[in-house]
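Residue numbers count from 1 along this sequence.
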Amino acid sequence: MGIQIGAKPDSGFDDPIGMLKDCHRRIEHFLHILCVVVERAHGRELTTEETEAIEAALEYFRVGGQRHNADEEESLFPRLRAECAGEELAQIGGLENDHQHANGLHAAVEDLYRKWIIDGKLAAEDEVRLSSYTDQLQRLYQAHIQIEEQKVFPRAAQVLRGDAIEAIGEEFRARRK
């Protein structure tokens, strides 16, 4: 991503919770592209600019989105499970279920956008399906991010000690090599 004057710089490996929040902003950005293009390009061929934006969004979710899920499921959530109980544990399980549901929706969205890009058009029923899938993703991510940022991440900051946070950051770093 390019540098945006006046924007908060991305968090580093010393702040893995901040990194997850930064990733949420990227998820929101790329999801917005997926939603807007299907809405605006109704019934026509995609422009070069739209195609490039869609390609970037699909690539982000294929790579960055999967890495984000791994960061949470393999580094953060296991440590939180050791420190939490009851409703908090149920929230973590629900978030992992969200990841699986989102993966299925992303696969369907990617298939339909690829078809649109390759064929130059999309059948009306496929447009309806694509719009439905992107709407579902938007609702899923909105609720998912809200739970993480308002409940799970603050709880992690409360209960995880400095050495756990450092280890999480190192695991994030290793996933990016």
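Residues Tyr60 and Ile27 meet the side-chain proximity criterion, which asks for heavy atoms closer than 4.5 Å. Side-chain contact check for Asp10 versus Met19: every heavy-atom pair is 4.5 Å or farther apart. Looking only at side-chain heavy atoms (C-beta outward), Glu50 and Trp116 stay at 4.5 Å or farther from each other. Proximity of Glu59 to Val63: side-chain heavy atoms (C-beta onward) are separated by under 4.5 Å at one or more points.
By the 30° and 60° cut-offs, the orientation of the rings of Phe77 relative to His99 is parallel. Between Tyr141 and His144, the ring planes lie perpendicular to each other; the angle is over 60°, past the 30° to 60° tilted range.
A continuous path of hydrophobic side-chain contacts links Leu105 to Ile33 [ILVMFWY only; heavy atoms under 4.5 Å]. If you chain together hydrophobic residues whose side chains sit under 4.5 Å apart, Ile117 and Val36 never meet in one group. Both Phe153 and Phe13 sit in one connected hydrophobic cluster of ILVMFWY residues. Membership requires side-chain heavy atoms under 4.5 Å apart, directly or through other members.
Between the CG atom of Leu31 and the CD atom of Gln142 there is a distance of 10.0 Å, given to the nearest 0.5 Å. Interatomic distance, CD of Gln136 versus OG of Ser131, reported as 10.0 Å (0.5 Å rounding). The distance from atom NZ of Lys115 to atom CG of Leu112, rounded to the nearest 0.5 Å, is 7.0 Å. Rounded to the nearest 0.5 angstrom, Arg173 CZ and Asp14 CG are separated by 8.5 Å. Separating the CD atom in Glu73 from the CD atom in Gln100 is a distance of 6.0 Å, to the nearest 0.5 Å. Interatomic distance, Ile145 CD1 to Leu140 CG, rounded to the nearest 0.5 Å: 9.5 Å.
A donor-acceptor pair under 3.5 Å links the side-chain atoms of Asp22 to the main chain of Ser11, judged by distance alone.
Glu171 pairs with exactly one of Arg67, Arg176, Arg79 by the salt bridge (charged side-chain N to carboxylate O under 4.0 Å, His left out) rule, that one being Arg79. Under the side-chain contact (heavy atoms from CB on, under 4.5 Å) test applied with Leu130, the options Val37, Leu122, Asp135 reduce to a single match, Leu122.
The two residues Gly169 and Pro16 have their closest heavy-atom pair at N-CG, 3.9 Å. Looking at every heavy atom in both residues, Ala57 comes nearest to Leu34 through CB-CD2, 3.8 Å. Of all non-hydrogen atoms in Ser75 and Phe172, the two that sit nearest each other are CB-CE1, 3.8 Å. The nearest pair of heavy atoms linking Leu80 to Ala156 is CD2-CA, 3.6 Å.
Environment of CD in Glu170: crowded, with over 12 heavy atoms of neighbouring residues, nucleotides or ligands closer than 6.0 Å. Environment of CZ in Arg25: crowded, with over 12 heavy atoms of neighbouring residues, nucleotides or ligands closer than 6.0 Å.
A salt bridge links Arg175 with Glu74: the distance from a Lys NZ or Arg NE/NH1/NH2 to an Asp or Glu carboxylate oxygen falls below 4.0 Å. For Asp126 and Arg129, the salt-bridge test passes: some basic side-chain N is under 4.0 Å from an acidic carboxylate O.
Under 3.5 Å, the side chains of Thr134 and Gln138 contain no donor-acceptor pair of N or O atoms. There is a side-chain donor-acceptor pair under 3.5 Å between Arg155 and Gln158. Glu110 and His106 form no side-chain donor-acceptor contact under 3.5 Å, judged by distance and modelled atom types alone. Side-chain atoms of Glu72 and His68 include a donor-acceptor pair closer than 3.5 Å.
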Trace of the side chain to side chain contact (heavy atoms under 4.5 Å, CB included) decision for Tyr133 with Val38: CA-CA 10 Å; Tyr133 296 152; Val38 70; over 6 Å; no
Audit row: Arg26, Cys23, side chain to side chain contact (heavy atoms under 4.5 Å, CB included) steps and yes/no: CA-CA 5 Å; Arg26 287 186 287 279; Cys23 190; 3.9 Å; yes
Pair Arg62-Gln66, side chain to side chain contact (heavy atoms under 4.5 Å, CB included): steps then yes or no: CA-CA 6 Å; Arg62 200 170 34 259; Gln66 290 306 306; 5.9 Å; no
Pair Arg81-Glu96, salt bridge (Lys or Arg N to Asp or Glu O under 4.0 Å): steps then yes or no: CA-CA 12 Å; Arg81 276 195 172 93; Glu96 289 171 327; 2.5 Å; yes
CA sep, side-chain torsions, deciding dist, call: Leu160, Leu76, side chain to side chain contact (heavy atoms under 4.5 Å, CB included): CA-CA 9 Å; Leu160 297 179; Leu76 179 64; 3.8 Å; yes
